[in-house]
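Just so you know, residue 1 is the first one in the sequence shown, and it goes up from there.
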Amino acid sequence: LLRNPTYLRLWLAGAVGNGMRWLELLVVGIFTYDLTHSSFLVAVMTVARTLPMLLLGAFAGVVGEAVNRKVLLVVQMLVMAATAAVLGALAVTGWIRVWHLALGGAVAGLAWTNELSVRRRMIGESVMPEQVGPAIAFDTLTASVARVIGPLLGGALFEILGLAGAYLLSAALYLGAGALACSLDFRQERRRLSIARIPADLAEGLALARANRAVLAVIAISIIANSCGFPYSALVAPLGLHEFAVSPLLVGLLASAEPTGATLAGIAFSAGWLRLDRRYGMIRGSFLFFSALIVLALTPWYGLAVGIMVIGGFGTAAFSIMQTTLILTEAPAALRSRVMGLVTVCIGTGPLGVLAIGALAAWLSPARAILIMAVLGLAGLVLILTRLVARPA
């Protein structure tokens with residue numbers, strides 16, 4: 001795969017984008033909690049970055065079919081580089097405020113709405129059809145590695161250089177990723193973007209999702225995972241600092257535990273040592289992830305929390321690989337970006353879960369908030385398993 005120059009550039013751009021995304025989320029969480037001691041405001045910072053995906057994800061899918069995807073990818077990287085540079089400069093001068101971070105996160109989140117419908121789709125188009133599964137598995141593995149390195153690097157940089165150092169490094173790496181995207185040799189068939197036709201385009205994507213049980217299951221599981229499961233990451237900083245009373249560096253280690261497990265699983269899936277069942281792989285992985293969250297919420301021991309989230313990472317790897325692979329293999333080529341846009345909207349439901357888990361944490365505690373959301377997520381998965389996955393077509 002890495003001998004394919006188009007795939008190589010797309011892969012590197014994704015590695016940088018994912019790594020810096022998680023670095024910024026961690027340092028913003030630590031800075032906000034240190035300044036305000038509010039778990040809810042930490043959650044709001046995550047909402048600011050992910051809410052654009054809910055509001056605009058479907059439109060990004062329509063645009064990704066009509067506008068040159070290479071241009072969209074370059075713009076995405078340059079917007080995130082400029083945003084990080086401005087926030088880094090504000091931090092250097094000491095003028096940085098929490099609302100600056102929220103606004104910067106919203107701008108970066110707006111750019112990030114293109115990730116599935118643009119870069120991930122381009123990966124599927126840059127390889128032979130029989131390589132789509134391994135290509136997505138390796139890209140997912142890399143995203144998991146980035147989720148390990150990003151928080152660890154963010155925690156270390158925050159201790160040594162503060163918020164400014166983290167954002168200025170992020171800006172430099174985004175610029176490098178933008179340069180890589182500029183050198184892509186990529187061609188696509190485009191159709192004219194018609195504002196008046198956008199509702200009909202969205203309706204076509206929805207019709208396919210309703211008619212195809214595999215696509216509908218992907219959408220339903222994505223909503224459950226992103227609204228009830230992944231919002232736990234918004235509480236990693238207060239969980240580590242308050243519940244476990246550890247340093248920012250160890251908070252970064254806790255944040256990187258689940259993606260470490262996803263990395264190990266990604267290696268096994270990419271190498272063919274483990275195989276995913278097309279029908280049950282995504283939901284089984286989701287069950288494992290939510291079970292790990294329940295143990296995380298109940299344990300009083302930091303070491304056990306890190307270990308169980310490594311195991312949970314095997315579940316998120318299966319979830320992420322099948323989320324993209326099923327869309328690329330089940331949806332017709334003419335509708336893939338639109339269906340990817342619908343999945344982006346599902347990912348964008350995360351802010352609702354983040355607000356809910358943040359409010360629960362402020363009312364109860366970070367650990368109890370994670371527990372309640374995980375139990376709700378498991379209940380939703382049971383419903384999907386019995387209604388969509390296990391029933392014969």
Name of the residue among V28, L35, V27 meeting side chain to side chain contact (heavy atoms under 4.5 Å, CB included) with F31:
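Option passing the side chain to side chain contact (heavy atoms under 4.5 Å, CB included) with F31: L35.
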
Okay, side chain of [X], backbone of [Y]: is any donor-acceptor separation there less than 3.5 Å?
| X | Y | result |
| --- | --- | --- |
| T386 | L383 | yes |
| R368 | L360 | no |
| T260 | S256 | yes |
| D139 | G14 | no |
| Y7 | A135 | yes |
| R49 | M45 | no |
| T93 | A89 | yes |
| Y302 | L250 | yes |
| S170 | A166 | no |

Yes or no on side-chain contact (heavy atoms from CB on, under 4.5 Å) for L254 and V246, after CA distance, side-chain angles and deciding distance?
CA-CA 10 Å; L254 178 60; V246 296; over 6 Å; no

Between [X] and [Y], is there a shared hydrophobic cluster once you connect ILVMFWY residues whose side-chain heavy atoms come closer than 4.5 Å?
| X | Y | value |
| --- | --- | --- |
| L293 | I221 | yes |
| L26 | W112 | yes |
| L72 | V75 | no |
| V98 | V47 | yes |
| Y232 | L304 | no |

Is the closest side-chain heavy-atom distance between [X] and [Y] below 4.5 Å?
| X | Y | value |
| --- | --- | --- |
| R69 | R121 | yes |
| L2 | F138 | yes |
| L352 | S227 | no |
| Y167 | L101 | yes |
| L23 | L157 | yes |
| L168 | L161 | no |
| F230 | V354 | no |
| S247 | E159 | yes |

What distance do [X] atom [atom1] and [Y] atom [atom2] have between them, rounded to the nearest 0.5 Å?
| X | Y | atom1 | atom2 | value |
| --- | --- | --- | --- | --- |
| I219 | I384 | CD1 | CD1 | 11.0 Å |
| L110 | Q76 | CG | CD | 10.0 Å |
| L153 | M20 | CG | CE | 6.0 Å |
| L73 | N114 | CG | CG | 8.0 Å |
| M322 | I283 | CE | CD1 | 12.5 Å |
| I294 | T299 | CD1 | OG1 | 13.5 Å |

[X] to [Y] - nearest heavy-atom pair and separation:
| X | Y | answer |
| --- | --- | --- |
| G377 | F290 | CA-CE2, 3.7 Å |
| M80 | A111 | CG-CB, 3.9 Å |
| L141 | T263 | CD1-O, 3.0 Å |
| S126 | T6 | CB-CG2, 3.8 Å |
| F158 | D34 | CE2-OD2, 3.9 Å |
| I311 | L288 | O-CD2, 3.6 Å |

With sequence neighbours excluded, residues passing side-chain contact (heavy atoms from CB on, under 4.5 Å) with A82:
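In terms of side-chain contact (heavy atoms from CB on, under 4.5 Å), with neighbours along the sequence ignored, A82 is linked to no residue.
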
Stepwise side-chain contact (heavy atoms from CB on, under 4.5 Å) check, F314 with L264
CA-CA 7 Å; F314 276 73; L264 297 174; 4.0 Å; yes

Determine whether V42 and L235 satisfy the following criterion, side-chain contact (heavy atoms from CB on, under 4.5 Å), listing intermediate values before the conclusion.
CA-CA 7 Å; V42 172; L235 296 184; 5.7 Å; no

Test L239 against I370 for side-chain contact (heavy atoms from CB on, under 4.5 Å), laying out the working first.
CA-CA 10 Å; L239 185 70; I370 292 172; 4.1 Å; yes

ring-ring contact (aromatic ring centres under 6.0 Å, His included) partners for H100, two or more places apart
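ring-ring contact (aromatic ring centres under 6.0 Å, His included) list for H100, sorted by chain: empty.
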
